[in-house]
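Structure record follows, encoded as C-alpha cells.
Proteins come first, then strands; the chains are lettered A, B, ... in the order of their sequence lines, and each starts at number 1. Side chains are part of it too, since the values below use all heavy atoms of this structure and drop only hydrogens, waters and symmetry mates.
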Number of protein chains: 2
Amino acid sequence: MTTTDPQVPPVLALARPPKELRSSTAHLLKRFGSVVKERSAAAYEPTGFSPYHHAVLALLDEEPPETQAMIADALGYDRSHLVGLLDELEERGLIERRRDPSDRRRHLVSLTAEGKRTLKRLRTIAKSVDAELFAPLDPEQRETLHALLVLLANHHESRRHAGTS
Amino acid sequence: MTTTDPQVPPVLALARPPKELRSSTAHLLKRFGSVVKERSAAAYEPTGFSPYHHAVLALLDEEPPETQAMIADALGYDRSHLVGLLDELEERGLIERRRDPSDRRRHLVSLTAEGKRTLKRLRTIAKSVDAELFAPLDPEQRETLHALLVLLANHHESRRHAGTS
DNA sequence: TATTGTTATACTCTATAACTATA
DNA sequence: TATAGTTATAGAGTATAACAATA
C-alpha cells in the first residue's frame with residue numbers, strides 16, 4: 001500500500017485465495033467436488049451422455065428391472081429429472097420401458113444388450129477421469145481418501161435427494 | 001427376479017446407489033462436495049450472507065486493499081459476479097470502495113471495522129459447519145483428509161475460474 | 001383419494017457479452 | 001485501442017407444482 005508502485009509486476013500477480021480458505025477442509029471439498037463434476041461432465045460430453053446416464057445404466061446392470069420411482073430413489077434423483085434421462089437412453093436403445101402388467105401405472109425399466117455395451121464404454125471414461133484427477137496421489141493415498149469419504153458418506157446418507165449424479 | 005414376489009417388502013426398499021457408484025472416489029467427492037455446499041449455504045443463510053461474502057471478507061482481511069479484478073482473480077470468481085457481492089457488502093457497511101487516484105478506472109476495496117466484526121461471526125458459522133460435517137472423523141483423520149485435498153488442490157490449481165466459493 | 005409417470009414452470013448459478021468511463 | 005468496473009442476457013441445473021392415467 002502506501003507508496004508501493006501501483007504498476008503491477010506483470011508476472012507475480014498470482015491469483016491466490018486467502019489462507020483462511022486454503023486451510024478449510026470444507027472449502028477444499030466444495031472446490032474439488034466441483035472440479036470433479038466439471039471434468040467428468042466434459043469427459044462424457046463427446047458420447048452424448050452424462051454421469052447421470054452412467055449412473056442409471058450402472059444401477060440397472062446390478063439390479064433386476066425396476067420401476068422409475070425405485071431408480072430415482074436409489075440414485076437420489078428427482079422423478080421428473082429421471083424421465084428425461086430415460087427418454088434419451090430409450091431413444092438410443094440402451095434401455096427398455098414396459099408397463100408393469102400387475103400395476104399399469106408403473107414402468108419396468110431394463111437394460112438392453114446395447115445398453116450393456118455402452119455401459120462398458122462409460123466405465124472406461126470414468127476410469128480415465130479418475131486416473132487424471134487422482135494422479136497426484138499414490139495408490140495408498142487413494143485408498144485412504146476413498147475410505148474417509150465412505151465414512152462421511154455413510155454418516156450423511158440420510159439426507160434428502162441431491163442429484164449430483 | 002424370476003418368481004420373486006413383486007410386492008415390495010415395505011421397509012427394506014432402501015434407496016441405495018449401485019456399488020459401481022459407491023466404489024467411485026470421484027463420485028463420492030462430487031456427492032459430498034455438493035452436500036458441503038448445501039449445508040454451508042444453509043448455515044450462512046440466516047445472516048443474509050453466503051460463503052462467497054465470507055471469502056471476500058477473508059481475503060480483504062489478509063491483503064491490503066485490492067482492486068476488484070485482483071479480488072476476483074484471487075478467489076476464482078467472475079468479475080461480474082463480484083460486483084453484486086461487493087454491492088451487498090458495501091450496502092451493509094462491511095467494505096468500502098474508493099477510486100484509485102492513480103487510475104480512476106479502478107476501485108480499491110477495503111475492509112471496515114464492521115466488516116471485521118462480521119467476518120468473525122462468519123468464521124464461527126464456518127467452524128460449526130465443519131464440526132457437523134466432519135463429526136464422523138477423529139482429529140487425525142481430519143488432518144489426513146485435509147492433507148490429501150491440499151495435494152489435489154495444488155495439482156489442479158492451474159484450472160480456469162471456478163466459483164464454488 | 002392416492003400414486004406413477006409426465007409435463008410445465010420457476011428459480012438459482014454461472015458464463016458471456018455488451019456498455020461506460022477512463023487510460 | 002485496451003482495460004476496470006458494471007449491467008444485461010442467456011444457459012445449465014435443479015426444485016416445485018400441476019396433470020393424466022391407473023389403482
Does a nitrogen or oxygen in the side chain of Lys37(B) sit under 4.0 Å from OP1 or OP2 of dT14(C)?
-> yes

OP1 or OP2 of dT22(D) less than 4.0 angstrom from a side-chain nitrogen or oxygen of Arg106(A), does that happen here?
-> no

Considering only dA4(D), dT14(C), dT16(C), which nucleotide approaches the side chain of Asp78(B) most closely?
-> dT16(C)

Euclidean distance, atom CD1 of residue Ile95(A) to atom P of dG5(C) [Å, nearest integer] = 12 Å

note: Met70(A), atom CE; dG5(C), atom P; distance rounded to Å ~ 10 Å

Could you tell me the separation between the CD atom of Gln68(B) and the C1' atom of dT7(D), rounded to a whole number of Å?
-> 13 Å

Within this structure, what is the CZ-to-P distance between Arg79(A) and dA17(D), rounded to whole angstrom?
-> 15 Å

Aromatic ring proximity His54(A)/Phe49(A), centre distance under 6.0 Å = no

Would you tell me if any nitrogen or oxygen in the side chain of Arg104(A) comes within less than 4.0 Å of OP1 or OP2 on dA20(D)?
-> no

dT14(D) OP1/OP2 closer than 4.0 Å to side-chain N/O of Tyr52(A) | yes

Nucleotide dC11(C), atom P - distance to CD of Glu45(B) in whole Å = 16 Å

Aromatic ring proximity, centroids under 6.0 angstrom, His53(B) and Tyr44(B) = no

Which heavy-atom pair separates Ser110(B) from Leu60(B) by the least distance, and what is that distance?
-> C-CD1, 4.4 Å

Closest approach of Lys116(B) and Leu111(B), non-hydrogen atoms and distance?
-> CG-CD2, 3.7 Å

Starting at atom CG of Leu108(B), determine the distance to atom C1' of dG5(D), rounded to an integer number of angstrom.
-> 13 Å

hbond_proxy Arg105(A) side chain to dT3(C) base (donor-acceptor, 3.5 Å cutoff) = yes

More than 12 foreign heavy atoms under 6.0 Å from CD of Glu114(A): is that the case here?
-> yes

Can you find an N or O donor on one side and an acceptor on the other, under 3.5 Å apart, linking the side chain of Thr67(A) with the base of dT4(C)?
-> no

Specify the residue among Ala69(B) and Arg99(A) whose closest nucleotide of DNA chain D lies further upstream toward the 5′ end.
-> Ala69(B)

Which nucleotide, dG5(D), dT22(D), dA23(C), lies nearest any side-chain atom of Val83(B)?
-> dG5(D)

Please give, in whole Å, the distance from dC13(C) C1' to Glu38(B) CD?
-> 14 Å

Separation of His81(A) atom NE2 from dC11(C) atom C1', in whole Å?
-> 16 Å

Taking the nucleotide of DNA chain C with the closest heavy atom to each, which residue, Asp103(A) or Asp87(A), is nearer the 5' end?
-> Asp103(A)

State whether the distance check finds a donor on one side and an acceptor on the other, under 3.5 Å, for side chain Ser80(A) versus base dT14(D).
-> no

Can you tell me if the side-chain N/O atoms of His107(A) get under 4.0 Å from OP1 or OP2 in dT6(C)?
-> yes

